[in-house]
Amino acid sequence: MKQTTQPATPAGQARDAFTSSFGVLAATLGSAVGLGNIWKFPYVTGANGGAGFLLVYLLATLLVGLPVMIAEIMLGRKAKADAVTTLRVLAPAGQYWWLIGASGVLAAFLILSFYSEVAGWVFAYVFKAIGGDILSKDPAQTSAAFGALVSDPVQSLLWQWGVLLFIGSILLLGVAKGIEAVTKRLMPVLFILLLVLGVRSLMLPGAAQGLAFLFAPDFAKITAEVALIAMGLAFFKLSIGMGTMMTYGSYFRDDQNIPTTTVRVMSADLFVSMLAGIVVFPAVFTFGFKPEAGPSLLFITIPAVFASMPMGHLFMVLFFVLSAVAATGAMLSLLEVPVSVMVGRFNISRARATLINLLLLVVIGASCALSNSVLADVKLLGMTFFDLFDFVSSSILLPIGGIFICLFVSWMWGKDKMMVALSNEGVLHNRVVVQLLYALLKYVTPLLILLVMLKGLGLL
């Protein structure tokens with residue numbers, strides 16, 4: 001395939017970029033797929049109408065998530081720069097649109113601060129699963145094991161720092177040799193593990209009940225509240241509003257079809273979520289556990305479930321390896337956001353930018369790692385640091401970022417510039433798609449994101 005020439009970085013070196021279409025897809029999918037695919041999305045689907053909810057979610061994705069994702073990637077590829085520089089380059093001189101990129105960087109950093117702690121728990125559970133430390137059929141025992149981990153300040157910090165060091169070491173290798181090379185290997189592993197675990201789960205006696213929970217349509221549950229939940233999932237699951245897609249877009253090749261790639265990412269992301277549900281819920285119902293969402297499902301229910309089945313030890317290890325893979329792809333894209341800004345804006349090397357961000361996360365992220373132990377009683381606005389960082393990023397920064405990206409592309413940039421930016425090496429393959437995307441970004445998507453934001457703030 002034809003290689004594209006990247007502009008030089010401020011340091012005078014050729015700008016790194018993805019080298020293949022599969023690398024683009026793997027990296028972008030790795031950003032979109034996270035721990036939420038494993039524990040949240042399948043449960044929310046089952047609890048809110050099954051197949052009926054899926055239809056609402058797909059519609060919400062087409063109206064909310066996908067347009068912003070395309071817009072971010074389009075802007076990043078056009079500017080070939082970090083999230084802040086992209087808006088500085090593309091906006092009229094003297095205007096403050098670059099603050100959208102800055103808010104995305106802040107959001108990515110805050111999310112990393114608490115997400116790295118959750119990822120630390122997952123990586124810890126890989127080793128605990130191998131050692132059999134959490135192999136118990138009694139949820140009370142698995143709950144005690146999880147409580148002992150999160151309430152131990154030393155373990156919490158060490159696992160968080162270990163995960164950050166692991167992610168940082170990949171980023172030090174660069175975009176092509178680091179992010180692309182790793183995600184090209186991890187994403188196939190993710191699908192293989194899901195398929196193996198899914199087949200095992202479907203062989204259990206309670207498979208039919210689990211599948212009914214996940215897929216049986218119940219249109220009576222589809223309410224305005226459920227529609228808002230679907231829109232929120234469609235927005236948050238695709239890693240938009242935090243600078244990740246804009247940053248990854250800057251590494252896209254000029255011959256990469258952006259709308260086609262994003263649809264593939266969306267479809268694969270949904271497929272991963274559904275496979276995760278097939279892995280989890282037949283087993284949960286077979287052994288009489290409650291289908292709860294959140295950390296309780298991942299760290300308390302799942303170990304008890306696998307301990308109840310033949311060869312459960314092996315399958316539990318595979319499950320937590322799978323979860324670690326999902327966390328890795330998401331963290332790579334999050335950390336790349338502030339790293340790329342430091343490289344692009346402050347004229348420093350990737351190695352130094354990575355190390356600076358790791359040190360900052362070690363200090364600031366510690367407040368989240370210790371939120372269940374020595375800092376449990378330290379609260380701002382009635383929330384621990386962990387919950388506060390989650391609230392500020394997901395309920396304020398991400399929706400605001402998404403809304404202003406819509407406004408910038410549609411009202412400031414306009415349709416003609418969109419058509420040029422979405423062309424592949426000067427060729428626009430589908431003018432109708434661009435016109436529809438423009439209409440959504442201008443009139444529909446920002447209003448729907450505003451509703452998601454109001455709901456997150458408890459105003460709806």
Side-chain angles (χ1 to χ4, degrees), residues 29 33-54 57 121-122 125-126 128-130 132 134-139 141-143 145-146 186-218 233 237 267-327 329:
L29 180 60
V33 171
L35 293 175
N37 292 70
I38 309 299
W39 62 260
K40 184 174 184 179
F41 185 81
Y43 172 79
V44 172
T45 298
N48 290 283
F53 178 83
L54 282 178
Y57 169 78
W121 301 339
V122 171
Y125 263 56
V126 172
K128 289 180 180 292
I130 293 172
I134 53 175
L135 197 64
S136 172
K137 299 178 183 179
D138 184 2
Q141 291 187 26
T142 56
S143 178
F146 180 59
L186 288 184
M187 287 303 101
V189 169
L190 179 80
F191 279 97
I192 290 170
L193 290 175
L194 277 170
L195 289 171
V196 170
L197 290 168
V199 169
R200 178 66 186 95
S201 191
L202 289 174
M203 295 169 63
L204 295 170
Q209 190 178 0
L211 293 177
F213 171 79
L214 189 60
F215 294 114
D218 185 354
L233 278 175
K237 277 186 83 278
S267 302
D269 178 68
L270 180 60
F271 185 59
V272 167
S273 297
M274 293 299 94
L275 274 179
I278 291 172
V279 168
V280 171
F281 292 113
V284 167
F285 281 100
T286 293
F287 299 105
F289 293 98
K290 294 181 178 180
E292 298 172 291
S296 62
L297 173 66
L298 197 60
F299 299 107
I300 298 173
T301 305
I302 288 297
V305 166
F306 282 116
S308 303
M309 70 171 63
M311 297 183 65
H313 190 179
L314 170 63
F315 289 111
M316 180 168 61
V317 172
L318 295 179
F319 178 84
F320 282 108
V321 170
L322 159 73
S323 300
V325 169

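Computed from heavy atoms alone, side chains included, the values below leave out hydrogens, waters and symmetry copies. For the single chain, residues carry numbers from 1 onward in sequence order.
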Measure up the Phe281 and Phe285 rings against each other and bin them: parallel (under 30°), tilted (30 to 60°), perpendicular (over 60°).
tilted

For Thr45, does its backbone N or O pair with a side-chain atom of Asn48 as donor and acceptor, under 3.5 Å?
no

From OH (Tyr43) to CG (Leu297), nearest 0.5 Å
9.5 Å

Taking all non-hydrogen atoms of both residues, which atom of Ala145 and which atom of Tyr125 are closest, and how far apart?
C-OH, 4.0 Å

Listed by chain and number, what are the salt bridge (charged side-chain N to carboxylate O under 4.0 Å, His left out) partners of Lys237, not counting sequence neighbours?
Asp269

Test side-chain contact (heavy atoms from CB on, under 4.5 Å) applied to Tyr57 and Leu270, step by step
CA-CA 10 Å; Tyr57 169 78; Leu270 180 60; 3.9 Å; yes

Ignoring hydrogens, what is the shortest heavy-atom contact between Ile38 and Pro42? Give both atom names and the distance.
O-CG, 4.0 Å

List the atom pairs, donor and acceptor, that lie under 3.5 Å between side-chain atoms in residues 191-215 and the rest of the protein, sequence neighbours left out.
| from | atom 1 | to | atom 2 | distance (Å) |
| --- | --- | --- | --- | --- |
| Ser201 | OG | Ile278 | O | 3.0 |
| Ser201 | OG | Val279 | O | 2.9 |

Working to the nearest 0.5 angstrom, can you tell me the gap between Leu298 CG and Trp121 CH2?
10.0 Å

Under the side chain to side chain donor-acceptor pair (under 3.5 Å) rule, collect the residues that match up with Ser136, sequence neighbours excluded.
Gln141

I want to check something: taking the side chain as every heavy atom from C-beta on, are Phe146 and Ile134 in contact at a cut-off of under 4.5 Å?
no

Got a sec, which residues hit side-chain contact (heavy atoms from CB on, under 4.5 Å) with Pro217, two or more places apart in sequence or on another chain?
Ala51, Phe219

Atom pairs and distances, donor-acceptor, side-chain atoms in residues 300-326, under 3.5 Å, two or more places apart:
| from | atom 1 | to | atom 2 | distance (Å) |
| --- | --- | --- | --- | --- |
| Thr301 | OG1 | Ser296 | O | 3.3 |
| Ser308 | OG | Ala304 | O | 2.8 |
| His313 | NE2 | Ala129 | O | 2.6 |
| His313 | NE2 | Ile130 | O | 3.2 |
| Ser323 | OG | Phe319 | O | 3.1 |

